[in-house]
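Working notes, beginning with the structure itself.
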Amino acid sequence: MCVASRYVGEEKRALAGVLSIRGAQDEEPPDPQLMRLDNMLLAEGVSGPEKGGGASAVAAAAAAAVGGTGNDNSVEHSDYRAKLTQIRQIYHTELEKYEQACNEFTTHVMNLLREQSRTRPISPKEIERMVSIIHRKFSSIQMQLKQSTCEAVMILRSRFLDARRKRRNFNKQATEILNEYFYSHLSNPYPSEEAKEELAKKCSITVSQVSNWFGNKRIRYKKNIGKFQEEANMYAARTAVNATSASAQGSQANSPSTPNSAGESPRSLY
DNA sequence: TACGATGATTGTAT
DNA sequence: ATACAATCATCGTA
């Protein structure tokens, strides 16, 4: 339970994203801002045709963002689509409501003006001005609706696109390979691009996942070396065994209590 | 269910 | 552009 509360931070992020779009052009030009909102709503399939073409596009993007794991997320897709259609329906009904209210209000004002025209002269220019004022007011309200709809879509998107939600631990073999590289290059645990590609291939993960792994590993190892001492010793011993079995000589007893001694140029991590 | 481990993202400094 | 640091969101386990 309390699942909703855990999403608050993420919603704040999504909201911040939307607000930053608004803030980017805060300089009182209503048209580009409105255009952006309209474009986004159209791209997300909210304001477009009733069929959810945009939804499937976003779902495909989400699937692509998750990466090579070609899992069947049809459940989540339908969940996403359901929520998007819900947003779309709310958006359309609200928009229609505003449209109708605008029309009613203008006719009401027109009637008032017509009534007043019996007691005082009213120029057509004045009427025109009134109408345009009313329309401006209502279009600003519509813009708010579009804004909040965009926010809702952004939140929905972030919920489905955020790869942190789909996190899966790497399999044992992959972490073995990564750890082996890390501890055998402890003096300089910064694999080159080629090395990363090699590791990625061996572990069946992407290069950026390798980069993430090394980034996390470096910082967490540095954070407290004591916690990783055992692991370090284990991998150091393993590589030592491999080396001796490969060369079949060198009878020195090696139990490196300090894994840092393995490298030539220490201190690169500190 | 609480908590540590872990992969991913975000923000900042270089 | 890359690394680091902090943080998020989930997983695995006691």
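Each chain gets a letter, A, B and so on, in the order its sequence line appears, and its residues count up from 1. The basis for the numbers below is simple: all heavy atoms, side chains too, and nothing from hydrogens, waters or symmetry mates.
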Is there a chain of hydrophobic side chains (I, L, V, M, F, W, Y, each step under 4.5 Å between heavy atoms) that links I134(A) to L112(A)?
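Not linked; separate clusters.
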Do F170(A) and V207(A) share a hydrophobic cluster, counting only Ile, Leu, Val, Met, Phe, Trp and Tyr and linking them when any side-chain heavy atoms are less than 4.5 Å apart?
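Result: no, two separate clusters.
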Write down the distance between [atom1] ([X]) and [atom2] ([N]), rounded to a whole number of angstrom.
X	N	atom1	atom2	answer
E193(A)	dA1(C)	CD	P	14 Å
I219(A)	dG7(B)	CD1	P	16 Å
K196(A)	dA1(C)	NZ	P	15 Å
R218(A)	dA5(C)	CZ	P	10 Å
R165(A)	dT10(C)	CZ	P	4 Å
N212(A)	dA9(C)	CG	P	17 Å
N224(A)	dA5(C)	CG	P	13 Å
F160(A)	dT10(C)	CZ	P	12 Å

Is there a side-chain contact between Q209(A) and the phosphate of dA8(B), meaning an N or O under 4.0 Å from OP1 or OP2?
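Yes, within the criterion.
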Please tell me if Y190(A) has a side-chain N or O lying less than 4.0 Å from either OP1 or OP2 of dC4(C).
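Yes, within the criterion.
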Close N or O pairs between protein and nucleotides 12-14 of chain B (under 3.5 Å):
none

Strictly distance-based, threshold 3.5 Å: is any side-chain N or O of N224(A) a donor or acceptor partner for the main-chain N or O of G226(A)?
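No; judged by distance alone, with no hydrogens or angles, the pair does not exist.
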Got a donor-acceptor pair under 3.5 Å from the side chain of N216(A) to the base of dA8(B)?
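Flag set: donor-acceptor pair detected.
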I need the full list of salt bridge (charged side-chain N to carboxylate O under 4.0 Å, His left out) pairs touching residues 185-199 of chain A, with sequence neighbours left out, sorted by first then second residue.
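Sorted result for residues 185-199 of chain A: empty, none.
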Set of ring-ring contact (aromatic ring centres under 6.0 Å, His included) partners for H185(A), sequence neighbours left out:
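Testing H185(A) for ring-ring contact (aromatic ring centres under 6.0 Å, His included), a comparison that skips the adjacent residues, returns Y181(A).
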Given side chains that start at C-beta, do those of Y235(A) and F228(A) come closer than 4.5 Å, heavy atoms only?
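A side-chain contact is absent here, since even the closest heavy-atom pair is not under 4.5 Å.
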First encountered from the 5' end of DNA chain C, between K223(A) and P191(A):
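The residue closer to the strand's 5' end, by nearest nucleotide, is P191(A).
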Applying ring pair (Phe, Tyr, Trp, His ring centres under 6.0 Å) as the test, list every pair that has at least one member in residues 125-147 of chain A; sequence neighbours left out.
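Listed once each, the pairs would be none.
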Could you tell me the separation between the CG atom of L41(A) and the CG atom of L145(A), rounded to the nearest 0.5 Å?
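It comes to 8.5 Å.
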If you restrict it to nitrogen or oxygen atoms, what contacts under 3.5 Å exist between nucleotides 2-6 of chain B and the protein, and what is each distance?
{"unit_1": "dT6(B)", "atom_1": "O2", "unit_2": "R167(A)", "atom_2": "NE", "d": "3.1"}
{"unit_1": "dT6(B)", "atom_1": "O2", "unit_2": "R167(A)", "atom_2": "NH1", "d": "3.3"}
{"unit_1": "dT6(B)", "atom_1": "O2", "unit_2": "R167(A)", "atom_2": "NH2", "d": "3.0"}

By salt bridge (charged side-chain N to carboxylate O under 4.0 Å, His left out), which residues pair with R118(A), not counting sequence neighbours?
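Residues passing salt bridge (charged side-chain N to carboxylate O under 4.0 Å, His left out) with R118(A): none at all.
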